[in-house]
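Structure first, commentary second.
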Amino acid sequence: MEAAGDDAAAAVRMRAAVKRLSFGTAEERAEAAGEVGRLARSDEGRKRLLPELGVVPPLVSMLADARGGGAGARMAAAGALLELARGAHRNKVHIVQAGLLKKLPLLMDDKDMSRSQELALLLLSISSLVNTDFPLASSELLPFLVAVLSADDAPADTKLPCLGALHNLSAKLEHVRDVASSGAVRALLALSLDRKTSEAALSVLGDLAATAAGREEMEEDEAAPRALVEAMTWHDAPRCQEHAAYLAMVLAHGSRLQRRRMRRLGVVQALLEVSLLGSPLAQRRAAKILQWFKEEGQDRIRAHSGPRMEGASSASCDDGGEGAKDRRNAVDRIVKQSLDRNMKSILRRATASVDLTSVKLLVGSSSSKSLPCETLHP
C-alpha cells in the first residue's frame, strides 16, 4: 500500500513538472527542472519515463535561454539533464536529438554555463555515445570542449570532465583526426603542466599520438618537448612520468629535430633520473630513449673521427691555421668519446636497476611466464 501511494504521488509530481516546464513562468520552470532532477535520481523507472512525457526539449531550451530565469534556472536544467543521462543510453539519445549539441555555440561565451561542472559532466556522459551505434557528431562537440580546456578561468573540476569527453572521442579512430585538428593538442600540452589535470591531459595526448594526424600536430608544436621533459621530472606522479616517457618515445623515434629540442631542454638528465627512480614501465621507456641518444652520439663520433681529406682550399691555409683546426677537432672527439663512455656506464646501471626490479617481480609472483616486451603503447 505504501509503495503504491509513493508511486501515485510521484506520478502527480511528474505531471505537474511537465506542465510547469512547458507553460510555467521562469521561476516555475526553474523549480520544475529541479523536481525533474530529483525524480530521475530517485527511481530508475521514473528516469526512463520522464523523457517519454516530454521533459527533455524544454530542459534543453532552458540551457541557452538567458532571459528565462537567469543562471539558476539554466543550472537546474543542466542538472536535470545530467540526472536523466546517467546510465541511460536512450535518454542520452533523446537529449542529443533535442538539440543539445547545436546549443553549445550559444553557451561558449556564457561564463555561467561554459564554466559549469554540471554541463561538463553532461557532455562527458553524452560523449560515451561514441561507444555505441549512435552517430554522434564530434564536430559539434569539439569546439566547446577545446574552448573550455583553453580557458584560464575554467576550474579544474570543469576541465576534468571535458578531458574525459575528449578521451572518449580520441579513443575512436573515426573521431581522432577531428580531435587532432581541433586545436586540442595545444590546450592539452598546457594542461599537462598543471598537476591537477596533467595525467588526464597526457593520457589523451597518448591516444592522439597513436595516429599520424596526432603525431603531426604534436611535432609541429614547439611546446611539446618542454611539457614532456617537465612531466618526467615529477617523481611523485608515476603515471604522469609513464605517459610522458611514452610520448617522448613517439616524438624522438625517427626525428632528429625532436631529439635536438629535447636534448637542449635537459631531457637526458630527466631520462636518467626516470631510468633509476621511476616505475618499472617508465624505467624501460626511459632506457629505450637513452639508447637512441647514445646511438645517435656514436654516429656523430664515427662521422667525424675518420681521416680528413684536404682539398685545394685547405692546402692554401698556413700551417698554424691547420694545426689549430686539427687540435679543436681532436678535443671535440675526446669530449664526445668521454660523454659516450659516461652514457654507457649510466645505461648499464639503469639496465641493471630495471633487470633487478623485473627479477624481484618474477620471484615474488612465483610464475614461470616471461615478462612482457615493451611496446609503444601508454
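Bear in mind the structure is a predicted one, so any value in this text is a computation, not a measurement. Residue indices begin at 1 and follow the sequence shown.
With rounding to the nearest 0.5 angstrom, the CD atom of Gln258 is 14.0 Å from the CZ atom of Arg256. To the nearest 0.5 Å, atom CD of residue Glu220 and atom CD of residue Glu216 are 5.0 Å apart. With rounding to the nearest 0.5 Å, the separation of CG in Leu145 from CG in Leu166 is 6.0 Å. Atoms CG and CG, from Leu121 and Leu82 in turn, are 5.5 Å apart once rounded to the nearest 0.5 Å. Between the CG atom in Leu101 and the CG atom in Leu136 there is a gap of 6.0 Å [rounded to 0.5 Å]. The distance from the NZ atom of Lys19 to the CD atom of Glu28 is 10.0 Å, given to the nearest 0.5 Å.
A salt bridge between Arg90 and Glu52 is present, with a side-chain N of the basic residue lying under 4.0 Å from a carboxylate O of the acidic one. Salt-bridge check for Glu31 with Arg20: passed, with a basic side-chain N closer than 4.0 Å to an acidic carboxylate O. Ionic pairing of Lys102 and Glu140 is present here: one or more N-O contacts between side-chain nitrogen and carboxylate oxygen are shorter than 4.0 angstrom. For Asp194 and Lys159, the salt-bridge test fails: no basic side-chain N is under 4.0 Å from an acidic carboxylate O.
Annotation: cation-pi geometry satisfied between Arg195 and Trp234 (NZ/CZ under 6.0 angstrom from ring centroid, within 45° of ring axis).
For the pair Lys103 and Phe144, the minimum side-chain heavy-atom distance is 4.5 Å or more. Between Arg215 and Leu208 there is no side-chain heavy-atom pair separated by less than 4.5 Å. For the pair Val56 and Leu100, the minimum side-chain heavy-atom distance is 4.5 Å or more. Lys47 places none of its side-chain heavy atoms less than 4.5 Å from the side chain of Arg41. Within the 4.5 Å cutoff, side-chain heavy atoms of Ser127 are placed close to those of Leu141. No side-chain heavy atom of Leu104 sits less than 4.5 Å from a side-chain heavy atom of Pro143. Met108 is not listed as a side-chain neighbour of Ser114, based on a closest heavy-atom distance of 4.5 Å or more. Inter-residue side-chain proximity for Phe293 and Val267 is flagged as met; some heavy-atom pair is nearer than 4.5 Å.
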### Task
Mind running side-chain contact (heavy atoms from CB on, under 4.5 Å) on Ser116 and Thr158 for me, showing each step along the way?
CA-CA 6 Å; Ser116 161; Thr158 298; 6.0 Å; no
### Task
Starting from the C-alpha separation in whole Å, work towards a yes-or-no answer on side-chain contact (heavy atoms from CB on, under 4.5 Å) for Leu188 and Leu163.
CA-CA 9 Å; Leu188 290 168; Leu163 285 169; 3.4 Å; yes
### Message
As a quick check of understanding, evaluate side-chain contact (heavy atoms from CB on, under 4.5 Å) for His243 and Ser203, giving each step before the final call.
### Response
CA-CA 6 Å; His243 288 309; Ser203 177; 4.1 Å; yes
### Task
Determine, step by step, whether Met14 and Leu53 satisfy the side-chain contact (heavy atoms from CB on, under 4.5 Å) criterion, reporting the C-alpha distance in whole Å, the side-chain angles of both residues, the deciding distance to 0.1 Å, and the verdict.
CA-CA 8 Å; Met14 282 192 287; Leu53 296 176; 4.2 Å; yes
### Task
Would you please test Glu273 and Thr233 for side-chain hydrogen bond (donor to acceptor under 3.5 Å, both in side chains) and show each step?
CA-CA 8 Å; Glu273 292 178 3; Thr233 65; over 6 Å; no
### Task
Could you check Arg38 against Ser42 for side-chain hydrogen bond (donor to acceptor under 3.5 Å, both in side chains), going step by step and ending with a plain yes or no?
CA-CA 6 Å; Arg38 288 188 291 272; Ser42 65; over 6 Å; no
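Across all non-hydrogen atoms, the minimal contact from Ile289 to Ala252 is CG2-CB, 4.5 Å. Shown here for Val176 and Ser170, the closest heavy-atom pair between the two residues is CG2-O, 3.7 Å. For Ala17 against Ala32, the heavy-atom pair with the smallest separation is O-CB, 3.6 Å. Nearest heavy-atom pair across Asn168 and Ser128 is ND2-N, 3.9 Å. The two atoms that bring Gly278 and Gln283 nearest to each other are O-NE2, 3.2 Å, heavy atoms only. His89 approaches Thr132 most closely through the heavy-atom pair CE1-OG1, 3.7 Å.
Placement of Val185 and Leu193 in two distinct hydrophobic clusters is found when ILVMFWY residues are connected by side-chain heavy-atom separations under 4.5 Å, directly or transitively. No chain of hydrophobic side-chain contacts below 4.5 Å, direct or via other Ile, Leu, Val, Met, Phe, Trp or Tyr residues, connects Met218 to Val146. Cluster membership check: Leu81 does not share its hydrophobic cluster with Leu106, using side-chain heavy-atom separations under 4.5 Å among Ile, Leu, Val, Met, Phe, Trp and Tyr. Leu271 and Leu257 fall into different hydrophobic clusters, where Ile, Leu, Val, Met, Phe, Trp and Tyr are joined by side-chain heavy atoms under 4.5 Å apart, directly or via other members.
Summarising the local packing, CG of Asp109 is surrounded by 12 or fewer heavy atoms from other residues, nucleotides or ligands at distances under 6.0 Å. No more than 12 heavy atoms of other residues, nucleotides or ligands sit less than 6.0 Å from atom CZ of Arg177. Residue Arg115 qualifies as enclosed at atom CZ: its count of foreign heavy atoms under 6.0 Å is above 12. Counted within 6.0 Å of CD on Glu222, heavy atoms from surrounding residues, nucleotides or ligands total 12 or fewer; the atom is thus considered open.
Exactly one residue among Glu174, Lys172, His175 makes a side-chain hydrogen bond (donor to acceptor under 3.5 Å, both in side chains) with Ser138. That residue is His175.
Of the possible polar contacts, none joining the Glu199 side chain to the Cys240 backbone as a donor-acceptor pair under 3.5 Å is found. The closest donor-acceptor contact from the side chain of Arg29 to the backbone of Gly24 lies at 3.5 Å or more, if one exists at all. Of the possible polar contacts, one joining the Asn91 side chain to the Leu84 backbone as a donor-acceptor pair under 3.5 Å is found.
Using a 3.5 Å distance cut-off with no hydrogens or angles, the side chains of Gln241 and His235 do pair a donor with an acceptor.
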